[in-house]
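Working notes for the structure below.
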Amino acid sequence: MANNINRVVVVGTGFVGSSYAFALLNQGVTEELVLIDLNKEKSEGDAMDLNHGLPFAPAPTKIWFGDYRDCKDADIVVLTAGANQKPGETRLDLVDKNVKIFKSIVNEVMKSGFDGIFLVATNPVDILTYATWKFSGLPKERVIGSGTILDTARFRYVLGEYFQVDTRNVHAYIIGEHGDTELPVWSHADIGGRSILEIVEENEEYSLDDLERLFINVRDAAYHIIQRKGATYYGIAMGLVRLTKAILQNENSILTVSAYLDGEYGQNDIYIGVPAVVNRNGIREVLELKLNEEEKEKFAHSVKVLKEVMNHTFQA
Ligand SMILES: NC(=O)c1ccc[n+]([C@@H]2O[C@H](COP(=O)([O-])OP(=O)(O)OC[C@H]3O[C@@H](n4cnc5c(N)ncnc54)[C@H](O)[C@@H]3O)[C@@H](O)[C@H]2O)c1
């Protein structure tokens, strides 16, 4: 945050990181974009390739393949490095490998004198966001995980299809772990100000069974995509761009991110997906939805599952 020029650094230019860089360039979000990867050839190649798109971009962007010293003047460092899920693997299975990788990456970033905002997407994202917060020593507001931003987008998409309404007019959240224990907040899901549960009750063409099936598809979407093409990246890349814009343009946008809970939802000392207000300072506040009993139980279960893995990981 040393000058008025916005700089975003991406660490890990694999499927997710390079798709994010491409989406960022296409939307003209930042003036400077630095790419870092263990595989230097890959990030150098990506920088060359992206630069060749500049004549077609909506705004000038300076893009280069860099190293950790470039993080010093960065506003945002986006972490997309590490192992991804193989077919059949859960996100939690990746924890040991990726926590080790994160320890070295976050140390390198902090050694540069970085004093901006971390955005984390690597899985299991809730635990790696917690690890980034611990390893960096930055205030909790300035460490943000992508959380359930993608799951919420998938949810809004399938609900838009089901009710034949523009997905952008669907307001509905997935909260909890970005993973198998996430949950839909049906009690606060609405379209154009009308509760989705009410719409279903009043129209026999819709049913609660269908809603449950839609949610299961959302929860398991990554498995379905990974089975077909090996990885998921476009959706999360656009979600990360959305978050980047909310930060750089000081939007006060409400997005479902992995945020640190300090009493909200009756939980402490955990990063998990919840709606939060995001602006130039990071997370301004966590929004505490009034959950019904079933939702409360499911959320508490999600927290419990994450904490069990965290206890094991951070004690080891
Ligand atoms: N949060 C989400 O919603 C979401 C969605 C999709 C994928 N992901 C996660 O994003 C992560 C990346 O997925 P991907 O498909 O891009 O994987 P990938 O294998 O294509 O890319 C990972 C990159 O990280 C680099 N890397 C590994 N160790 C590094 C280190 N120490 N320093 C710098 N770079 C290093 C690798 O060289 C590689 O280029 C995975 O953990 C995946 O599960 C998250």
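The residues of the chain are indexed from 1 along the displayed sequence. Remember, it's 1-based here, ligands and their atoms both numbered in the order they're listed.
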Please report which non-hydrogen protein atom sits nearest to [atom], along with the residue it belongs to and the distance in Å to one decimal place.
atom: atom 21 (O) of ligand 1; value: Gly14 CA, 3.2 Å
atom: atom 31 (N) of ligand 1; value: Ile101 CG2, 3.5 Å
atom: atom 12 (C) of ligand 1; value: Thr80 O, 3.3 Å
atom: atom 7 (C) of ligand 1; value: Val16 CG2, 3.5 Å
atom: atom 44 (C) of ligand 1; value: Ala121 O, 3.0 Å
atom: atom 32 (N) of ligand 1; value: Ile105 CD1, 3.6 Å
atom: atom 20 (O) of ligand 1; value: Phe15 N, 3.0 Å
atom: atom 41 (O) of ligand 1; value: Ala83 O, 2.7 Å

Any non-hydrogen atom of Lys42 lying under 4.0 Å from ligand 1?
-> no

Is there at least one pair of N or O atoms, one from [X] and one from ligand 1, spaced under 3.5 Å apart?
X: Gly82; result: yes
X: Leu38; result: yes
X: Ile36; result: no
X: Gly17; result: no
X: Thr122; result: no
X: Ser104; result: no

Nearest non-hydrogen contact with [atom] belongs to which option: [options]?
atom: atom 35 (C) of ligand 1; options: Gly239, Gly179, Ala81; value: Ala81
atom: atom 13 (O) of ligand 1; options: Asp37, Asn84, Val11; value: Asn84
atom: atom 43 (O) of ligand 1; options: Val120, Thr232, Asn123; value: Asn123

Classify the ring geometry between Trp133 and Tyr260 as parallel (under 30°), tilted (30 to 60°) or perpendicular (over 60°).
->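 Taking Tyr260 first and then Trp133, their aromatic rings sit tilted (interplane angle of 30° to 60°).
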
If Ile, Leu, Val, Met, Phe, Trp and Tyr residues are connected whenever their side-chain heavy atoms lie under 4.5 Å apart, and connections chain through other members, are Ile191 and Tyr157 in the same group?
-> yes

Between Leu289 and Val303, is there a shared hydrophobic cluster once you connect ILVMFWY residues whose side-chain heavy atoms come closer than 4.5 Å?
-> yes

Taking 4.0 angstrom as the limit and counting only heavy atoms of [X], give me the atoms of ligand 1 inside it, by number and element.
X: Leu150; value: 3 (O)
X: Ile236; value: 1 (N), 2 (C), 3 (O), 4 (C), 5 (C), 6 (C)
X: His178; value: 1 (N), 2 (C), 3 (O)

Is atom CZ of Arg194 surrounded by more than 12 heavy atoms (other residues, nucleotides or ligands) closer than 6.0 Å?
->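 Enclosed.
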
Heavy atoms of other groups near Glu204 CD, more than 12 under 6.0 Å | no

Can you name the nearest heavy-atom pair linking [X] to [Y], along with the distance?
X: Thr13; Y: Ser43; result: OG1-CB, 3.5 Å
X: Ser112; Y: Cys71; result: OG-CB, 3.4 Å
X: Leu248; Y: Val29; result: CD1-O, 3.8 Å

Side chain [X], main chain [Y], donor-acceptor under 3.5 Å:
X: Thr80; Y: Gly12; answer: yes
X: Asn98; Y: Pro124; answer: no
X: Asp75; Y: Arg7; answer: yes
X: Asn311; Y: Glu308; answer: no

Say you draw a straight line from CD of Glu285 to CD of Glu264; how long is it, rounded to the nearest 0.5 Å?
-> 9.5 Å

